[in-house]
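On a predicted model such as this, the values are computed, not experimentally measured, just so you know. The basis for the numbers below is simple: all heavy atoms, side chains too, and nothing from hydrogens, waters or symmetry mates.
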Amino acid sequence: MKLFLLIFLTAVLQGCEFWDKEIVDVYAPDSRRDKQREFYIQSLNYHLGKPKADRIRAIGPPDQCRNQNSTTEICEWTQVGQPLEHTVTYTYGRDGLATAWSYRGSYGEFTNANYETAKSAASIPGKNRNEAARPQEENWVHPSKTSVQFDEDNVQCRTEVQGYPKSMWDTESDKCLRRHGWTRVQKP
């Protein structure tokens with residue numbers, strides 16, 4: 001009986017891998033990618049409210065860290081692999097705990113503040129799925145700042161607007177970025 005159970009479980013587990021690789025990947029590749037993105041976002045949210053040492057223990061040391069002011073530190077981790085790339089920036093507050101994150105990479109460009117908004121827009125019937133990934137179609141440009149400085153300004157603005165109702169976060173954050181001299185342009 002135990003041998004039969006072992007053979008049955010082995011067949012079922014191999015069947016799941018077959019189902020994912022041969023059916024889901026072929027006929028619904030976005031479904032698997034969506035699941036991977038959701039898992040990744042959950043791992044980013046897990047580190048909110050936790051000290052930098054926890055993230056370092058799990059992921060490794062950041063590629064760079066810089067003090068934004070006397071109470072805020074911004075650290076960036078970049079993971080490059082085939083076919084996915086991820087750049088994650090965490091903001092650590094006065095008490096050394098993560099207060100916000102921003103993501104730029106293979107899954108799009110978003111922050112902990114606007115991810116749920118983008119995700120819910122994607123689930124509205126009749127909406128194009130690509131509308132949730134709209135930040136990929138636009139770029140913020142500044143006459144004298146780099147993309148790393150954009151991440152810093154963006155995280156600072158996203159942190160500032162968290163006192164507003166969630167429905168206003170994107171609008172108020174955009175206003176803040178414009179006050180910092182950034183302009184949004186459409187990608188060609």
Side-chain angles (χ1 to χ4, degrees), residues 29-30 32-69 71-93 96-119 121-122 129-162 169-170 172-174 176-178 180-188:
D30 287 342
R32 184 179 198 101
R33 182 178 164 94
D34 289 347
K35 285 180 186 177
Q36 290 171 336
R37 181 181 59 232
E38 287 301 314
F39 179 76
Y40 195 79
I41 298 307
Q42 287 175 2
S43 72
L44 295 176
N45 285 335
Y46 172 80
H47 291 284
L48 287 176
K50 298 213 170 33
K52 181 171 64 171
D54 284 3
R55 174 118 175 122
I56 291 172
R57 197 173 11 259
I59 304 299
D63 297 321
Q64 58 182 337
C65 284
R66 57 177 99 19
N67 291 327
Q68 185 173 1
N69 55 43
T71 61
T72 306
E73 181 181 32
I74 296 176
C75 294
E76 180 177 285
W77 284 263
T78 302
Q79 297 170 316
V80 179
Q82 291 298 332
L84 303 175
E85 283 186 31
H86 309 291
T87 300
V88 176
T89 305
Y90 274 91
T91 302
Y92 294 93
L97 302 179
T99 58
W101 57 259
S102 68
Y103 170 86
R104 187 177 67 249
S106 301
Y107 296 134
E109 190 173 319
F110 40 82
T111 67
N112 62 300
N114 74 355
Y115 178 71
E116 287 301 320
T117 304
K119 183 177 143 187
R129 290 180 57 85
N130 293 331
E131 286 184 31
R134 190 170 185 88
Q136 288 182 316
E137 300 168 4
E138 299 176 331
N139 266 351
W140 285 95
V141 294
H142 193 282
S144 61
K145 292 185 176 181
T146 66
S147 63
V148 171
Q149 290 168 314
F150 170 76
D151 288 341
E152 293 170 358
D153 288 349
N154 190 29
V155 168
Q156 178 185 358
C157 289
R158 292 289 175 182
T159 303
E160 287 175 12
V161 302
Q162 288 185 357
W169 283 359
D170 288 335
E172 293 301 318
S173 180
D174 287 359
C176 177
L177 286 169
R178 286 187 185 95
H180 284 277
W182 293 93
T183 307
R184 185 177 282 197
V185 296
Q186 295 287 329
K187 280 187 178 180

**Q** Taking atom CD1 of Ile59 and atom CH2 of Trp77, what is their separation to the nearest 0.5 Å?
**A**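 The CD1 atom of Ile59 sits 8.5 Å away from the CH2 atom of Trp77.
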**Q** To the nearest 0.5 angstrom, please state how far the NZ atom of Lys52 sits from the CG atom of Leu97.
**A**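 Spacing of NZ (Lys52) from CG (Leu97) equals 12.0 Å.
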**Q** Between atom CG of Leu48 and atom OG1 of Thr99, what is the distance when rounded to the nearest 0.5 Å?
**A**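 Result: 8.0 Å between the selected atoms.
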**Q** Please report the interatomic distance NE2(His86) to CZ(Arg37), rounded to the nearest 0.5 Å.
**A**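 If I round to the nearest 0.5 Å, the distance is 11.5 Å.
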**Q** Glu38 and Gln42: side-chain hydrogen bond (donor to acceptor under 3.5 Å, both in side chains), yes or no, with the steps?
**A** CA-CA 6 Å; Glu38 287 301 314; Gln42 287 175 2; 5.2 Å; no
**Q** Judged by atom type as modelled, is there a donor-acceptor pair below 3.5 Å linking the side chain of Ser106 to the main-chain atoms of Glu85?
**A**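 Yes: the side chain of Ser106 pairs with the backbone of Glu85.
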**Q** For Thr89 and Ile74, what are the C-alpha separation, side-chain angles and deciding distance, and is it a side-chain contact (heavy atoms from CB on, under 4.5 Å)?
**A** CA-CA 7 Å; Thr89 305; Ile74 296 176; 3.2 Å; yes
**Q** For Gln68 and Tyr92: C-alpha separation, side-chain torsions, deciding distance, then whether side-chain contact (heavy atoms from CB on, under 4.5 Å) applies.
**A** CA-CA 10 Å; Gln68 185 173 1; Tyr92 294 93; over 6 Å; no
**Q** Is it true that the side chains of Asp63 and Thr78 contain a donor and an acceptor less than 3.5 Å apart?
**A**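 Present: a donor and an acceptor within the cut-off.
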**Q** Atom CZ of Arg55 and atom OH of Tyr46: how far apart are they, to the nearest 0.5 Å?
**A**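 Answer for the CZ-OH pair, Arg55 versus Tyr46, is 12.0 Å.
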**Q** Quick check: does any side chain N or O of Tyr90 sit under 3.5 Å from a backbone N or O of Leu44, one acting as donor and the other as acceptor?
**A**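 Flag set: sc Tyr90 to bb Leu44 pair under 3.5 Å.
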**Q** Can you name the nearest heavy-atom pair linking Ser102 to Thr111, along with the distance?
**A**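 Taking Ser102 first and Thr111 second, the nearest heavy atoms are CB-CG2, 3.7 Å.
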**Q** What heavy-atom pair brings Pro143 and Gly181 nearest, and what distance separates the two atoms?
**A**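 Minimum heavy-atom contact is CD-O, 3.9 Å.
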**Q** Among Arg66, Lys145, Arg104, find the one that has a salt bridge (Lys or Arg N to Asp or Glu O under 4.0 Å) with Asp151.
**A**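 Testing Asp151 for a salt bridge (Lys or Arg N to Asp or Glu O under 4.0 Å) against Arg66, Lys145, Arg104 leaves exactly one candidate, Arg104.
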**Q** Mind checking whether Tyr103 and Tyr40 have parallel, tilted or perpendicular rings, split at 30° and 60°?
**A**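 Perpendicular.
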**Q** Using a 3.5 Å distance criterion without hydrogens, assess whether the side chain of His180 forms a donor-acceptor pair with backbone atoms of His142.
**A**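 Here the side-chain-to-backbone pair does not exist.
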**Q** Is there side-chain contact between Val148 and Gln64, with heavy atoms separated by less than 4.5 Å?
**A**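 When only atoms from C-beta onward are counted, Gln64 and Val148 do touch, with a gap below 4.5 Å.
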**Q** What closest approach, in Å, do Cys157 and Leu177 show between heavy atoms, and which atom pair accounts for it?
**A**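 So the minimum-distance heavy-atom pair works out to SG-N, 3.6 Å.
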**Q** Closest approach of Ala58 and His47, non-hydrogen atoms and distance?
**A**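 Of all heavy-atom pairs spanning Ala58 and His47, the closest is CB-CE1, 4.1 Å.
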**Q** Starting at OH of Tyr107, measure out to CD1 of Ile41 and round the result to the nearest 0.5 Å.
**A**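 Going from OH on Tyr107 over to CD1 on Ile41, the span is 8.5 Å.
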**Q** Looking at Asn154, is its backbone amide N or carbonyl O close enough to the side chain of Trp182 to form a donor-acceptor pair, meaning the two atoms are under 3.5 Å apart?
**A**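 A pair under 3.5 Å: no.
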**Q** Look at the side chain of Asn112 and the backbone N and O of Ala100, then say whether any donor-acceptor pair between them is shorter than 3.5 Å.
**A**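 Side chain of Asn112 to backbone of Ala100: no pair is present.
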